[in-house]
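Structure first, then comments.
Computed from a prediction, not measured in an experiment: that's the story for all the values here.
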Amino acid sequence: MRYLYYPGCSLKGTGRAYEESMLAVFQALDVLVEELPDWNCCGATAYMAVDELKAFALAARNLALAERMDTDTPPADLIAPCNACYLVLNKAQRYITENESIGNKIHTALAAGDMTYSGGVHVRHPLDILLHDIGVERIKTAVKKPLEGMRVACYYGCQIVRPYATFDDQYNPTSMNQLMWALGAETVDWPLKTRCCGGSLTGTIEELGHRLSFILVKEAINRGANIIATSCPLCHFNLECYQKQWQTRYHDDAHMAVAYFTQIMGMAFGIEEKRLGMRRLFVPPAYIAAVS
Amino acid sequence: MDFRKAKRKIKYESELDSHFAKEIVEKAGCEDLFHCIQCGTCGGACPISAYMDYTPRRIVAMTREGLKQDVLESYSIWLCASCYSCAVECPKQIKITDIMYALKQKAIEEGRYPRRFPVTVLAREFFKSVFAKGRNNEGILMTKVLLKTNPLKIFKQALLGLKLWRQGRIGLHSDVIQNRDELRKILSALD
Amino acid sequence: MPISSENNGKIPRIGVYICHCGLNIASVVNTQQVAEFARGLPHVVIARENKFMCSDPGQDMIQDDICEHKLNRIVVASCSPLLHERTFRKTAQDAGLNPFYFQMANIREHVSWVTLDNALGTDKAKALVAAAVQRVQSHEALDSQQSPVNPAVLIVGGGIAGIFAALVIADAGRKVYLVEREPTIGGHMAMFDKTFPTLDCSACILTPKMSDVKNHPNIVLWTYSEVEEVKGYAGQFKIKVKRKPRYVKEDDCVGCMLCVEACVFKKPRFADEFNLGFSFRKPIYMPFPQATPPIVLIDPNQCIQLTKGKCKRSCMNVCEKNAIDFSMKETFEEIEVGAIILATGYQTFDPRRIPQYGYGKYEDVYTSLEMERFTNAAGPTQGKIVRRNGETPKSVGIIHCVGSRDKKNHSYCSRVCCMYSLKLAHLIKERTGAEIYNFYIDMRTPGKGYDEFYDRLLDEKIHFIRGRVAEVTDWARRPEEEGKLVLRVEDTLVGIARRIPVDMVVLSVGLEAREDADEIRRQFNISCSHDGWFTERHPKLAPVSTTTDGIFLAGTCQGPKDIPDTVAQAGAAACEALSMIDKGFVQLEPNTAHIEENRCSGCRVCIALCPFSAITPSENGLTSTVNEALCKGCGTCVAACPSGAAQQRLFTDEQIYQEIEGLLSYV
Amino acid sequence: MSETDVNNNDLHLFEPRIVAFFCNWCTYTAADLAGVSRLRYAPNVRVIRVMCSGRLDPQFVVSALRQGADGVLIGGCHPGDCHYQEGNFKALRRYKLLKRLLRTMGIEEERVRLEWIAASEGDKVQRVMNEMTEQIRALGPLCLTPIPQPDFESLQEEVLTVVREEGGVCHG
């Protein structure tokens with residue numbers, strides 16, 4: 001299996017641990033992943049607020065690059081691990097192929113840069129690849145250190161299943177839970193698994209953004225979780241990095257390990273900590289010691 | 001409570017903009033604006049409606065009736081975090097998130113957004129950085145946003161920044177794509 | 001069968017009539033121009049306009065012209081022939097003209113209502129008129145056959161609609177076969193406790209009707225039975241009914257229930273369908289105490305004798321009437337009826353399709369139908385409203401429009417939910433004193449005494465919160481929310497988001513077409529709307545008829561409606577059926593096929609094609625002949641006949657060629 | 001009239017004439033429903049009512065094309081829904097043969113279209129009418145040029161195949 005991989009800006013920055021652990025996990029499962037050369041920013045939420053067409057054009061350039069790359073096995077599957085990139089690339093794909101006037105404008109714009117895009121790329125999330133292409137059975141065989149005693153709150157965030165539920169249920173996604181079960185971990189019933197973490201509001205309107213992520217962590221604790229698994233660099237950042245600030249802000253303790261689901265998989269696969277970017281975490285999972 | 005602060009709330013037809021709704025409904029994703037039955041599912045589903053000056057439902061109603069100024073100057077549209085909860089639950093399948101985007105674009109177009117409001121500053125800084133470099137550096141972006149909105153906060157977040165830097169998660173080196181010309185040509189073609 | 005008529009001169013004298021239909025046609029089609037155009041067509045003697053051709057003055061005009069101008073062909077350009085063809089044929093007939101010297105041009109449904117541009121619309125109307133004028137010239141006088149009507153009626157479905165229709169027809173002295181799939185009649189109404197807005201007891205008004213059905217000499221009641229096959233046509237339907245085995249002889253069982261007592265299963269342990277699984281029954285059971293007919297049956301999937309073949313058969317031993325018979329097999333009945341009334345009802349929306357409401361996940365979330373059973377004194381809790389943990393709820397949220405007015409589920413309004421939610425709110429308040437919150441999008445209470453009932457509920461200090469609930473969750477944000485179900489909603493009248501903790505949630509589920517509505521539709525050859533409701537012939541003027549003659553609709557199989565409307569419609573359907581029976585015959589459209597012997601080569605292509613086996617070789621085998629009593633007039637044999645010997649009346653090759661030519665003659 | 005309007009008119013100068021044969025029970029009723037629902041569509045299609053799509057003699061189509069129709073639309077009930085059990089299947093078989101025949105005659109086969117439209121599908125009537133009109137408009141007017149000599153032998157073979165399929169005995 002060979003996939004193209006679109007990292008997006010965050011996986012080269014605050015979300016480096018996500019990239020490192022994901023690549024390590026794919027390698028452990030013998031899946032070839034090749035980074036899309038010269039990719040650019042996906043367009044993201046903030047861009048869309050200023051100029052939607054240009055946001056689509058940014059996304060379209062990436063899709064066109066991907067299409068150009070993978071001529072031997074079309075249509076190309078492009079992995080987008082960041083939830084926001086995943087949504088924006090998918091949304092652009094839909095609008096370009098389904099809305100004639102937007103499609104025409106984007107095609108003209110691409111032509112200005114000597115590029116074309118015929119609409120054949122599949123934008124996919126690593127959760128989707130792991131569960132549907134690789135499968136729970138294959139993952140189970142790779143587990144070396146079952147994660148007994150780990151009670152995971154699986155946090156999907158908003159933009160994987162909304163608004164386009166292509167590989168999981170829109171209201172009650174379970175793909176990450178299934179992966180966690182395969183690793184020998186338990187998952188907790190946590191009704192907030194797709195509730196918004198606050199996104200970029202944590203950096204702009206702190207009071208609001210922080211409260212949104214704070215209540216997520218708080219409720220995960222109430223539900224008996226001992227770790228939160230994330231699938232998006234921004235969600236991860238929000239849930240993880242402000243825990244200390246919440247103490248002063250809310251006079252309430254919400255302290256919990258937060259790790260990318262790929263890091264947790266890597267732990268179960270027995271991959272060394274360094275390759276999983278564990279040292280880049282604020283709250284190292286308490287079980288690392290117990291497991292390794 | 002100061003009752004002398006009572007202000008006129010009534011709207012006269014001459015104060016409304018009858019073209020506003022038509023402009024919005026023509027934007028991509030906003031086609032169903034007029035299908036809204038004002039049930040409030042969006043306001044109930046929205047995790048941020050608790051903080052909004054007008055709930056998404058009221059934004060839709062006000063947009064339809066041409067309360068352009070109130071809509072574009074409300075901070076509700078800037079609070080929307082694009083989590084799409086409203087859009088997937090709307091019984092009329094109205095893409096409310098896209099309507100919020102359209103309103104944000106309109107507000108920027110008309111220069112009606114709060115200048116030092118972090119959300120809009122973030123959007124513009126992001127826009128500039130991507131145009132120049134093709135990618136975005138979170139550390140630099142946040143520093144710029146803080147500088148332009150509330151420089152004092154930089155000190156408050158310095159500790160966090162330092163920690164992230166030591167973990168190798170932010171740096172001052174900015175990633176740049178090779179084919180910047182190609183990208184600029186594409187983006188400029190849409191002007 | 002062409003007949004000679006004094007008025008059918010060899011040379012056509014055509015009258016053309018253009019209807020304005022008020023402004024329906026005239027606002028798009030320039031009728032004056034069309035009339036002017038028609039006057040220029042060959043053989044057109046007169047062309048006139050009228051505001052409403054179907055009105056008395058309009059029809060009088062045609063009749064006067066027939067006499068005065070010796071017209072022998074009539075063309076009316078107005079609405080769809082499916083609507084008024086019969087009207088105008090009769091007009092012609094009453095003036096002494098053979099009714100089939102008539103042709104209609106559909107310039108309303110096919111022109112004015114679907115065309116934006118007036119000039120293009122007028123052109124299209126002209127083309128359609130030209131086609132009709134040209135076609136009508138080759139019309140021939142025909143004699144329409146009458147077919148006798150069997151005076152018995154089949155009613156499918158034994159809910160309140162079927163029950164009421166059956167009683168009306170039986171009281172008029174006609175025979176009724178009432179076929180019900182379940183072991184008892186009564187339908188959904190039997191499950192309710194009270195009916196809105198009068199709050200009279202549902203069972204008290206329904207059960208007497210149920211026993212009337214059972215005791216009526218003119219009604220044959222077949223429960224636990226299904227229609228297997230439908231053949232024939234209006235007036236002469238042949239029906240095959242499958243009767244599922246109850247393993248209890250219907251004629252012998254007296255409903256004493258000793259067998260149930262004696263069953264080897266000492267405790268009831270199987271989910272009771274009538275109480276929606278909230279109570280239990282044995283493999284041998286009576287659906288509910290007032291079940292009609294009041295006899296027991298055995299569930300073959302649960303009874304040990306029937307699944308494993310060995311049991312003490314204590315039920316059999318205790319039955320003094322020897323009514324239990326494990327060897328019973330399904331049987332078939334064949335009947336002939338003249339008319340059919342479909343009263344197959346509805347099913348309720350499954351709220352699992354809206355996972356945010358937590359049905360199936362949180363134990364104190366119920367559907368409204370389940371709540372009907374709880375409020376019912378004969379229900380699983382003897383009328384007590386309690387949570388699963390046995391406590392009386394202190395607060396209850398009722399969510400309206402569950403599955404209705406929702407594009408992802410049903411975009412229509414289910415019509416009854418507002419009212420039954422009010423009723424449930426009242427009953428719950430009365431019995432528990434709980435705080436009741438109704439969450440609605442719009443309150444819809446049109447009906448006699450309905451809005452007054454709403455007033456009464458307001459007076460009872462029930463909360464009415466205008467807002468569609470986004471989510472039911474057990475996630476507590478505040479101490480008062482701990483252990484409760486929290487409804488997150490925007491209170492749209494106040495304009496803010498709210499979180500309201502309650503002990504119990506009732507989902508007012510909408511009505512939807514039954515799962516197998518599509519199969520039934522095919523079986524009876526009628527149409528369904530997109531939502532699966534059976535389609536009436538005309539939404540205003542033929543609300544209980546279908547496009548298939550002799551088949552009528554009653555109750556919710558046609559669309560959501562409450563009990564009064566259902567009963568009214570059942571009465572209407574019964575009267576339509578009776579009217580057909582009392583007339584004694586149905587007028588058959590003379591559109592049957594026939595074969596001109598001297599042109600037939602005897603190739604027999606037509607014989608293999610005929611779906612009704614109406615064509616047979618003639619005695620000498622050299623030609624084929626059509627048995628016109630069996631022919632239904634599809635014309636497929638005509639289309640296939642290589643020599644043009646087969647022809648269909650009203651749709652001859654010549655007539656269709658003329659219509660094509662006329663249609664294209666106007667550029 | 002503004003300049004753009006003139007241009008638009010130029011583009012739309014060719015108004016195709018299309019004849020439709022609709023079955024009484026499903027498609028004609030659906031067309032009535034489209035009317036009752038006020039669904040606007042192109043005025044180019046004119047409908048002839050037949051009781052069943054199985055009544056449709058392929059010669060009707062040929063005759064319509066010969067007399068100036070630019071396209072022909074045939075509408076019947078969905079498979080399994082025929083009022084006469086299976087008339088629509090017969091229409092389908094004849095339609096397939098007809099298309100082959102048209103090809104031989106040098107007529108674009110897209111000019112003839114068969115659609116299953118149920119009585120409840122007023123919106124489908126609107127869509128099909130518009131699509132058909134645009135398709136024929138794109139094809140341009142039907143010009144019946146001298147017919148290339150058909151391959152009679154294979155045509156005869158095809159006809160015989162279909163006759164056999166229909167289950168009849170051909171007395172040659």
>> I'd like to verify something: which residue of B:K95, B:Q178, B:E138 has the highest number of heavy-atom pairs under 4.5 Å with chain A?
In response: B:E138
> Parallel, tilted or perpendicular: which fits the ring planes of A:H125 and A:F167, with parallel below 30° and perpendicular above 60°?
Replying inline: parallel
> Is the shortest heavy-atom distance from the side chain of B:S85 to the side chain of B:P47 under 4.5 Å?
Replying inline: yes
>> Checking side-chain hydrogen bond (donor to acceptor under 3.5 Å, both in side chains) between A:Y117 and each of A:E67, A:Q93, A:H107, which is the one that passes?
In response: A:Q93
> Any chance CG of B:L159 has more than 12 other-residue heavy atoms, nucleotides or ligands included, within less than 6.0 Å?
Replying inline: no
> Is chain A contacted by the side chain of B:I177, its backbone, both, or neither, given a heavy-atom distance below 4.5 Å?
Replying inline: both
>> Suppose a student defines contact as a heavy atom less than 4.5 Å from any heavy atom of chain B. Which residues in residues 238-245 of chain A would they list?
In response: A:E240, A:C241, A:Y242, A:Q245
> What is the ring orientation for A:F56 with A:Y95, classed by angle as parallel under 30°, tilted 30 to 60°, or perpendicular over 60°?
Replying inline: parallel
>> For B:F127, which atoms come within 4.5 Å of any heavy atom of chain A: side chain, backbone, both, or neither?
In response: both
>> Shorter than 4.5 Å, heavy atoms on both sides: which option in B:G29, B:A189, B:C83, B:A45 has the most such pairs with chain A?
In response: B:C83
>> Does any backbone or side-chain atom of B:L187 lie under 4.5 Å from a heavy atom of chain A? Answer side chain, backbone, both or neither.
In response: both
> Between B:D98 and B:K27, does at least one N-O distance fall below 4.0 Å, as a salt bridge requires?
Replying inline: no
>> Ring of A:W39, cation from A:R61 - is the NZ or CZ under 6.0 Å from the centre and inside 45° of the axis?
In response: no
> Has the side chain of B:E65 got a donor or acceptor atom that lies under 3.5 Å from a matching backbone atom of B:S18?
Replying inline: no
> With a 4.0 Å cut-off, would you call A:D51 and B:K104 a salt bridge?
Replying inline: no
> Regarding A:Y156 and A:S175, is there a side-chain donor-to-acceptor distance under 3.5 Å anywhere?
Replying inline: no
>> Please identify, among B:M100, B:K133, B:E89, the residue contributing the most non-hydrogen atom pairs under 4.5 Å to chain A.
In response: B:E89
> Tell me, side chain or backbone of A:L110 under 4.5 Å from chain B's heavy atoms, or both, or neither?
Replying inline: both
>> Under the criterion salt bridge (charged side-chain N to carboxylate O under 4.0 Å, His left out), I'd like the reasoning laid out for A:R249 against A:E207: C-alpha separation, chi angles, the key distance, then a yes or no.
In response: CA-CA 9 Å; A:R249 189 184 284 272; A:E207 168 48 28; 3.4 Å; yes
> In residues 6-19 of chain A, which residues are in contact with chain B at a heavy-atom separation under 4.5 Å?
Replying inline: A:C9, A:S10, A:K12, A:G13, A:T14, A:R16
> Taking B:L164, B:I170, B:D181 one by one, which has the highest count of heavy-atom pairs under 4.5 Å against chain A?
Replying inline: B:L164
>> Could you tell me if B:Y84 and A:T194 have a donor-acceptor pair between their side chains, going purely by distance under 3.5 Å?
In response: no
> Out of B:N137, B:T97, B:N136, which one racks up the most heavy-atom pairs below 4.5 Å with chain A?
Replying inline: B:N136
> Should the ring pair A:Y260 and A:H236 be called parallel, tilted or perpendicular, given that the plane angle runs from 0 to 90° and is split at 30 and 60?
Replying inline: parallel
>> Taking every non-hydrogen pair under 4.5 Å, which of B:R166, B:Q167, B:K185 racks up the most with chain A?
In response: B:Q167
>> Taking A:K274 first and then A:E20, would you say they form a salt bridge - that is, a charged N and a carboxylate O separated by under 4.0 Å?
In response: no
>> Which atoms of B:I77 are under 4.5 Å from chain A, going by heavy atoms: the side chain, the backbone, both sets, or neither?
In response: neither
> Is a side-chain donor-acceptor pair under 3.5 Å present for A:Q159 with B:S82?
Replying inline: no
